[in-house]
Protein chains: 2
Amino acid sequence: MTIKEVCEKYDITPDTLRYYERVGVIPEVNRTKGGIRDFSEEDIKWVENAICMRSAGVPVEMLIEYVRLFQQGDGTLEARRNLLIEARAEVQKQLDKYQSTMDRLNYKISRYDEALKTGILSWDDKQ
Amino acid sequence: MTIKEVCEKYDITPDTLRYYERVGVIPEVNRTKGGIRDFSEEDIKWVENAICMRSAGVPVEMLIEYVRLFQQGDGTLEARRNLLIEARAEVQKQLDKYQSTMDRLNYKISRYDEALKTGILSWDDKQ
DNA sequence: ATATTACTTTGAGTTAACTCCAAGTCAATA
DNA sequence: TATTGACTTGGAGTTAACTCAAAGTAATAT
């Protein structure tokens with residue numbers, strides 16, 4: 001699979017993909033004899049994982065560390081697990097914040113809906 | 001309430017608070033005759049709201065626009081509601097991403113747990 | 001074979017959101 | 001009253017994560 005195809009599949013830019021490879025967010029990608037990237041199924045799984053993790057704010061640094069450990073082989077299994085647990089804790093924390101922001105937005109919007117329907121602004125609608 | 005107290009209450013820096021006021025994420029804050037900020041209850045509600053929204057990635061620009069509309073009075077009720085609905089859609093989208101990242105992390109971690117317990121790496125543990 | 005297009009690399013530039021700095025003012029204490 | 005420490009402003013600097021540009025090479029269409 002070419003870089004273009006991967007980019008279209010996941011709606012990202014070639015620059016981002018090359019950047020990911022350059023800094024090590026994904027391992028080095030297969031190349032043709034001409035030096036052009038030819039993403040294998042495994043490469044694509046790494047890309048998919050990177051995009052998923054990044055979309056939840058997992059830092060590039062953490063993904064680099066994970067790949068680094070992965071490439072060192074089975075001796076790093078526990079270290080990798082610990083890294084994932086750390087990442088999960090962060091993602092969960094953010095998830096909770098997003099949820100409470102949703103609650104706040106829903107409350108505010110319901111107040112606005114009421115105000116717009118009845119013409120009455122209760123104190124809570126201030127702000 | 002002084003800037004220091006507000007910062008301690010919400011665990012942010014004075015620089016961030018001043019920045020929020022400067023760019024309009026919160027309306028201008030009350031001052032003492034000497035020009036020192038003296039946050040009123042209402043000011044603090046604005047701060048709380050800003051921190052909550054920012055923690056869920058609502059852009060500073062959107063918060064500025066909301067305050068701008070708010071200060072124009074009741075004629076902007078609908079515009080403000082629309083802005084909130086727009087923000088909510090974005091937050092929900094992110095929330096969904098965070099949730100699917102959590103699912104992926106939970107799956108991976110469970111695989112690692114198994115591998116560490118049994119000493120067997122199934123294919124899925126790769127990556 | 002030639003022209004066009006897509007790829008390559010390295011390195012610089014951009015963006016949002018802070019974060020820090022310098023110089024000055026004000027308030028509280030010795 | 002002098003000093004200490006917290007506040008003020010305007011503007012510059014930082015950071016993470018891309019994003020773009022320039023110059024060159026390779027693959028494809030005519």
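The chains referred to below are lettered A, B, ... by the order of the sequence lines, with proteins before strands, and numbering in each begins at 1. Just so it is clear, the values below take in all heavy atoms, side chains as well, and ignore hydrogens, waters and symmetry mates. In this text, all values refer to a predicted model and were calculated from it rather than measured experimentally.
Rounded to whole Å, atom C1' of D/dT9 lies 16 Å from atom CG of B/L17. We find that CD of A/E28 is positioned 14 Å from C1' of C/dT8, with the value rounded to whole Å. To the nearest angstrom, C1' of D/dA6 lies 13 Å from CD of B/E8. In this structure, CD of B/E21 is placed 14 Å from P of D/dC7, rounded to the nearest angstrom. Protein atom CZ of A/F39 is 12 Å distant from nucleotide atom C1' of C/dC7, rounded to whole Å. Whole-Å rounding puts the B/I3 CD1 to D/dT8 C1' distance at 10 Å. The CD1-C1' distance, from A/I36 to D/dT25, rounds to 8 Å in whole Å.
The 5' end of DNA chain D is approached more closely, in terms of each residue's nearest nucleotide, by B/K4 than by the other of A/G35 and B/K4.
Transitive grouping of hydrophobic side chains (ILVMFWY, heavy atoms separated by less than 4.5 Å) brings B/M1 and B/Y20 into a common cluster. Hydrophobic clustering (ILVMFWY, side-chain heavy atoms < 4.5 Å, transitive): A/I44 and A/W46 are in one cluster.
For the residue pair B/N30/B/R37, the side-chain donor-acceptor check at 3.5 Å is not satisfied. Neither side chain, A/D103 nor A/S100, offers a donor N or O lying under 3.5 Å from an acceptor on the other. Checking B/R80 against A/Y112 by side-chain atom types alone, a donor-acceptor pair falls below 3.5 Å.
Taking only side-chain nitrogens and oxygens, B/R31 never comes nearer than 4.0 Å to OP1 or OP2 of C/dC26.
Salt bridge A/E28/A/R22: absent, no basic N to carboxylate O contact under 4.0 Å.
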Please list each protein N or O that sits under 3.5 Å from an N or O in nucleotides 14-25 of chain C, with the distance.
{"unit_1": "C/dC18", "atom_1": "OP2", "unit_2": "B/Y20", "atom_2": "OH", "d": "3.1"}
{"unit_1": "C/dC18", "atom_1": "OP2", "unit_2": "B/R54", "atom_2": "NE", "d": "2.7"}
{"unit_1": "C/dC18", "atom_1": "OP2", "unit_2": "B/R54", "atom_2": "NH2", "d": "3.4"}
{"unit_1": "C/dC20", "atom_1": "N4", "unit_2": "B/D15", "atom_2": "OD1", "d": "3.2"}

